[in-house]
Amino acid sequence: MRSALRTHTCGALRRADVGSRVSLCGWVASRRDQGGVAFVDLRDRHGVTQVTFSGDRDASLLEKASALRPEWCVRVTGVVGPRPAGAVNATLPTGEVEVGAEALEVLSECPVPPFWPTDRTEAGLDLRLEYRFIDLRRPKMTRTLVERAQIVSTVRRHLEAQGFLEVETPLLTRSTPEGSRDFVVPSRLHPGSFYALPQSPQLFKQLLMVSGFDRYYQIARCLRDEDSRADRQPEFSQVDIEGSFLAEEDVYGLIEPLLRTLVQRYRGHDLPDPLPRMRYDEAMARFGSDKPDLRNPLELVDVSREAAALGFRVFSDAVAAGGVVNALRLPGGAALPRKDVDGWEAEAKAVGAKGLAWAKWGAEGLAGPLAKVLAGDPGRALLAAAGVREGDLVLFGAGPFALVKKVLGHLRKPCGERLGVVDRNRTAALWVTDFPLVEWNEDEKRWDACHHPFTSPREEDWAVLEQDPGAVRARAYDLVVDGYEAGGGSIRIHRPDRQQRMFSLLGMSPDDVQRRFGWFVDALRFGAPPHGGIALGVDRLVMLLLGEEAIQEVIAFPKTAQARCLLTRAPAPLDEKQLRDASIAVVAPPPKQG
RNA sequence: GGGGGCGUAGCUCAGUUGGUUAGAGCGCCGGCCUGUCAAGCCGGAGGUCACGGGUUCGAGUCCCGCCGCUCCCGCCA
C-alpha cells in the first residue's frame with residue numbers, strides 16, 4: 001500500500017512500528033482540540049489512526065491543525081509513538097499507537113457534507129444515494145464492498161479451479177420479445193433499428209456450448225426494464241454458468257461446495273451436505289411459495305375436506321368451486337393481541353384475499369370470528385387436521401388454490417417473526433426442483449414458459465408435451481436461500497426439432513420462430529452438445545451472506561425503487577442533436593427536470 | 001397500473017381538538033481548554049413545515065392535486 005505520498009495506510013500501524021517515521025494520507029474523521037494539544041482521527045478505507053499535534057513541540061503546526069475540518073483530505077508525516085498508559089483505545093486496531101505530527105499537508109478541503117460518513121449516521125436513503133461518494137466512506141459501506149469483492153473472487157477461483165473459462169458476451173444485442181421488458185438502444189448507423197441490452201446472456205452462453213467451450217462462466221450484468229423491489233434492481237449481476245455434457249447432479253455438485261464455503265465464512269456455520277431438495281409442488285403446498293424460507297417453521301395445511309363438512313358457506317363454497325381451504329397454525333399464538341391479527345388481515349387483503357378467517361384456542365376455549373362455526377364435532381375434526389392445540393392461533397384462507405397459497409404463504413413471514421420462531425442466525429438453503437414447464441396464461445389464452453423456452457422437459461415428458469402441457473415437468477432448479485431465489489437454471493433443449501416443438505407449444509408459428517430465434521435454432525443444428533447451467537444472483541447472494549435486507553446496500557451505485565440514479569439524475573432527456581443522431585422523435589411529454 | 005408508510009432547521013425527529021413568535025438532540029459558526037477518542041464547557045446563527053391549490057377569521061395540522069423516497073401486488077421468459 002506504500003506509494004509516493006504515503007508509507008502506510010491508516011489501518012496498518014501497530015506497537016511494533018513505534019519509532020518509525022511515517023506518512024499517512026486520509027480523511028479527517030474527527031478533530032478533538034484540547035487547546036495545547038489536538039487529536040485528529042485520520043481515516044482511509046483500511047482504518048483509523050490517531051494523529052497528535054502538540055503546541056509544545058510546534059505551535060504553528062498546532063495552529064494549522066486547528067483549522068482542519070472533518071472530511072478534508074490530508075497528508076501527515078510524523079513519528080509513531082506509543083500512547084501513554086490510560087490513553088490506549090482498545091476499540092481500534094491501531095489504538096496502541098499514535099502519530100506525532102511533524103508536517104501537515106492539506107490535499108483537499110471539503111465543505112460541510114449533508115451527513116457525516118460514520119456508521120452511526122441517521123441519513124435517509126435518498127440523501128445517501130444522492131451523495132453516495134460520501135456514504136461509501138462509511139466503514140460499513142467500505143466493508144460491504146470489500147466483502148462483495150472477496151465473495152466474487154471466491155466464486156471466480158472456485159469456478160476456474162473446476163475448469164470454467166470466463167468469456168464475455170455482448171451488451172448490445174437483439175431484443176427477444178418473450179420474457180421481461182427490454183431496455184432498448186437506438187442505432188445511429190441503422191435509423192429505426194434498435195439493440196436491446198441483455199436480460200441475461202442466455203442464448204450466447206448456449207452458443208458457446210455449441211462452439212465447444214464446455215465450461216463457461218461470466219460475472220454478467222443483466223438489465224430488465226421491470227419494477228424494482230428490495231431484492232430487485234433494473235440492473236444487476238449474475239454469476240452465469242453453463243456446461244456441456246452435464247446433468248442436474250453436476251450443477252448441484254458444482255454449486256453446493258461453493259455455497260458451503262461462503263456460508264461458512266460469512267455466516268459462520270455449516271450447511272447440510274447434500275443440500276435438501278424439494279419439489280415445486282411440495283413447496284407450494286407446504287409453504288405457499290416456490291422459494292420457501294425454511295428458517296420459518298410455520299406451514300400451510302390443506303383442510304379442504306374437513307372445511308367443506310363444516311356447514312360454513314365461505315369454506316364450503318370455496319371447495320365446491322374447485323378451490324381449497326388452508327390453515328396456518330401459529331403455535332402459542334392465542335396470546336397475541338387482536339391488533340396483530342388485524343394487521344395480518346389487512347396484509348392478506350393487500351395481496352388479494354377477501355378477508356382472513358381465524359380462531360384462537362385459549363384457556364377459555366375457542367374465540368374469534370370462527371369460534372362458533374368450529375364449536376361442534378366437524379370443527380374439532382378440522383382443528384385436529386390442522387394440528388391446532390390449546391394456546392394456538394389459526395388463520396384460514398379459502399378460495400382458488402393459487403390465491404390461498406399466495407395469501408397464507410405471504411403471511412408466514414410476519415407471523416413467524418411475530419412469534420419469534422425464525423432463526424436469523426442460520427442460513428437455510430435448498431434446491432427447488434420439478435417446476436412445471438409451462439403455465440396457462442389466461443389473458444393471452446396460451447401457454448407461457450415458467451422458466452424460459454430453452455428449458456428442457458424431463459425426457460419422458462416429451463411424449464405428452466402437446467397432449468398435457470400443464471403436467472409436464474421441467475429440468476429446472478432454483479437455489480433458494482432464506483426465502484430468496486439466489487439462483488436458478490436448467491438443462492437446456494439442445495435439439496433443433498425439439499426447440500421448434502417447444503416454441504410451437506408456446507404459440508409461435510414456424511415463421512415467428514424463424515424471425516425471432518431463427519439464428520439460435522439454426523445454430524443448434526450444427527452439432528449442439530447436451531448442456532445446461534445456472535445463474536446465481538450476485539447482489540442477492542452478497543446481501544444474504546452479509547445479512548442485509550436490500551440489495552441497494554450491497555451495490556456501490558444503486559438505483560431507487562423508481563429506477564432513478566439520484567447521484568447522476570439518470571434517466572434524463574437527451575438534447576436535440578443526440579435525438580437527431582439516433583433518429584428518435586420523442587412523443588411523450590418531456591419529463592420534469594430533477 | 002394499484003395499495004400501504006414517510007416528507008417540519010444541514011441530519012434525525014417532536015409538534016395536542018386548527019389558535020400568539022414552530023421546538024429538541026446532533027451537526028455548524030465563535031470563544032475557552034495540554035491526553036482526547038460520540039471530547040467537554042460557554043455563546044451564537046440556522047425554517048419555502050416537499051410543492052401547488054382549496055376550506056377557514058386563522059392551516060405544519062383539515063380537503064384535493066402533485067413530486068420524491070420506501071414496502072408490497074401486478075410485472076420480473
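Reminder, nothing fancy here: chain letters follow the sequence lines and each chain counts from 1. Basis for what follows: all heavy atoms, side chains included, without hydrogens, waters or symmetry-related copies.
For Phe236(A), there are no ring pair (Phe, Tyr, Trp, His ring centres under 6.0 Å) partners at least two apart in sequence or on another chain. Judged as a side-chain contact (heavy atoms from CB on, under 4.5 Å), and not counting sequence neighbours, the contacts of Pro170(A) are Phe204(A). For Glu109(A), the salt bridge (Lys or Arg N to Asp or Glu O under 4.0 Å) test picks out no residue, with sequence neighbours left out. Residues passing the side-chain contact (heavy atoms from CB on, under 4.5 Å) test with Asp126(A), sequence neighbours excluded: Leu566(A). Checked against ring pair (Phe, Tyr, Trp, His ring centres under 6.0 Å), Tyr280(A) has the following partners two or more places apart in sequence or in another chain: Phe435(A). When the side-chain contact (heavy atoms from CB on, under 4.5 Å) test is applied to Glu102(A), the partners found at least two apart in sequence or on another chain are Arg21(A), Val79(A).
Contact annotation for Ala87(A): base contact, defined as any heavy-atom pair under 4.0 Å involving a base atom. Contacts of Thr118(A) with the nucleic acid, taken as non-hydrogen atoms under 4.0 Å apart, are absent. As judged by a 4.0 angstrom heavy-atom cut-off over every strand, Asp33(A) is placed among the base-contacting residues. Nucleic acid contact class of Gln202(A) (heavy atoms, under 4.0 Å, all strands): base. Nucleic acid contact class of Glu439(A) (heavy atoms, under 4.0 Å, all strands): none. Base contact: Pro84(A) has a heavy atom under 4.0 Å from a base atom. No engagement by Leu506(A) is indicated, since no non-hydrogen atom pair under 4.0 Å with the nucleic acid exists. Within 4.0 Å (heavy atoms only), Arg564(A) reaches sugar-phosphate atoms of the nucleic acid but no base atom. Residue contacts for Lys349(A): at a heavy-atom cut-off of 4.0 Å it reaches no nucleic acid atom on any strand shown. Nucleic acid contact class of His451(A) (heavy atoms, under 4.0 Å, all strands): base.
At most 12 non-hydrogen atoms from other residues, nucleotides or ligands lie less than 6.0 angstrom from OH of Tyr131(A). Within a 6.0 Å sphere centred on CZ of Arg473(A), heavy atoms belonging to other residues, nucleotides or ligands number more than 12.
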Which is it for Glu466(A) and Arg501(A) under the salt bridge (Lys or Arg N to Asp or Glu O under 4.0 Å) test, yes or no, and what are the steps along the way?
-> CA-CA 9 Å; Glu466(A) 287 80 8; Arg501(A) 274 177 73 191; 3.0 Å; yes
Kindly determine whether Phe183(A) and Tyr195(A) satisfy ring-ring contact (aromatic ring centres under 6.0 Å, His included), including the steps that lead there.
-> CA-CA 9 Å; Phe183(A) 281 103; Tyr195(A) 302 96; over 10 Å; no
Can you check salt bridge (Lys or Arg N to Asp or Glu O under 4.0 Å) on Glu549(A) and Arg424(A), steps first, answer last?
-> CA-CA 12 Å; Glu549(A) 309 237 315; Arg424(A) 296 181 150 280; 3.5 Å; yes
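Regarding Arg232(A), its CZ atom lies at a distance of 15 Å from the C1' atom of U70(B), rounded to whole Å. Remark: C1' of C37(B) and CG of Asn89(A) are 6 Å apart, rounded to the nearest angstrom. When the C1' atom of C76(B) is taken as reference, atom CG of Asn441(A) falls 14 Å away, rounded to whole Å. Taking atom CG of residue Asp227(A) and atom P of nucleotide C75(B), one finds them 11 Å apart after rounding to whole Å. The distance between atom CZ of Arg229(A) and atom P of C76(B), rounded to the nearest whole Å, is 11 Å.
Mapping Gly36(A) and Gly179(A) onto RNA chain B via the closest heavy atom, the residue that lands nearer the 5' end is Gly36(A). A residue-by-residue look at Ala449(A) and Val37(A) shows that Val37(A) has its nearest nucleotide of RNA chain B further toward the 5' end.
Under the 3.5 Å distance criterion, the side-chain polar atoms of Lys406(A) are left unmatched by any main-chain donor or acceptor of Gly288(A). In this structure, Asp522(A) contributes its side chain and Trp519(A) its backbone to no donor-acceptor pair below 3.5 Å.
Between G25(B) and A9(B), the distance separating the two P atoms is 16 Å to the nearest Å. The P atoms of G15(B) and G30(B) are separated by 34 Å, rounded to the nearest whole Å. Using atom P as the reference point in both C67(B) and G52(B), the two lie 15 Å apart (nearest Å). For the C1' atoms, the distance from G44(B) to G5(B) is 38 Å, rounded to whole Å. Going from the P atom of G68(B) to that of U56(B) covers 32 Å, rounded to whole Å. Separating the P atom of C63(B) from that of U70(B) is a span of 26 Å, rounded to the nearest Å. A distance of about 29 Å separates the C1' atoms of G2(B) and G60(B), rounded to the whole Å. Nucleotides G58(B) and C73(B) place their P atoms 46 Å apart, quoted to the nearest Å.
Side-chain atoms of Gln238(A) and Arg540(A) include no donor-acceptor pair closer than 3.5 Å.
In summary, the aromatic rings of Trp72(A) and Trp27(A) are positioned with their centroids too far apart to meet the 6.0 Å limit.
For Arg14(A) and Asp17(A), the salt-bridge test fails: no basic side-chain N is under 4.0 Å from an acidic carboxylate O. Salt bridge annotation for Arg412(A)-Glu417(A): absent, with no cationic side-chain nitrogen under 4.0 angstrom from a carboxylate oxygen.
Contacts with RNA chain B (heavy atom under 4.0 Å) in residues 481-489 of chain A: none are found. Of the residues in residues 123-142 of chain A, those lying under 4.0 Å from RNA chain B by heavy-atom distance are Ala123(A), Gly124(A), Leu125(A), Asp126(A), Leu127(A).
When Watson-Crick and G-U wobble pairs are counted only if both distances are under 3.5 Å, G52(B) pairs with C64(B). Judged by Watson-Crick or G-U wobble contacts below 3.5 Å, the nucleotide C69(B) has G5(B) as its partner. The partner of C37(B) cannot be assigned: no Watson-Crick or G-U wobble pair with both contacts below 3.5 Å exists in any strand. If you check A14(B) for Watson-Crick or wobble pairing at under 3.5 angstrom, you find it has no partner at all.
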Please produce a list of atom pairs where a protein N or O lies less than 3.5 Å from an N or O of nucleotides 26-29 of chain B.
from: G27(B); atom 1: O3'; to: Trp116(A); atom 2: NE1; distance (Å): 3.4
from: G27(B); atom 1: O2'; to: Trp116(A); atom 2: NE1; distance (Å): 3.1
from: C29(B); atom 1: OP1; to: Arg69(A); atom 2: NE; distance (Å): 3.0

N/O to N/O distances under 3.5 Å, protein versus nucleotides 44-46 of chain B:
none

Just the atom pairs and distances: protein N or O near nucleotides 3-5 of chain B's N or O, under 3.5 Å.
none

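Of the candidates U36(B), C71(B), C37(B), C71(B) carries the atom nearest the Ala561(A) side chain, counting heavy atoms from C-beta on.
What you find for Asp231(A) and Met543(A) is that their closest heavy atoms are CB-CE, 4.4 Å.
Screening residues 469-497 of chain A for ring-ring contact (aromatic ring centres under 6.0 Å, His included), with sequence neighbours left out, gives Tyr252(A)-Tyr477(A).
By the stacking rule of 5.5 Å between ring centres and under 30° between planes, Phe115(A) does not stack on the base of C11(B).
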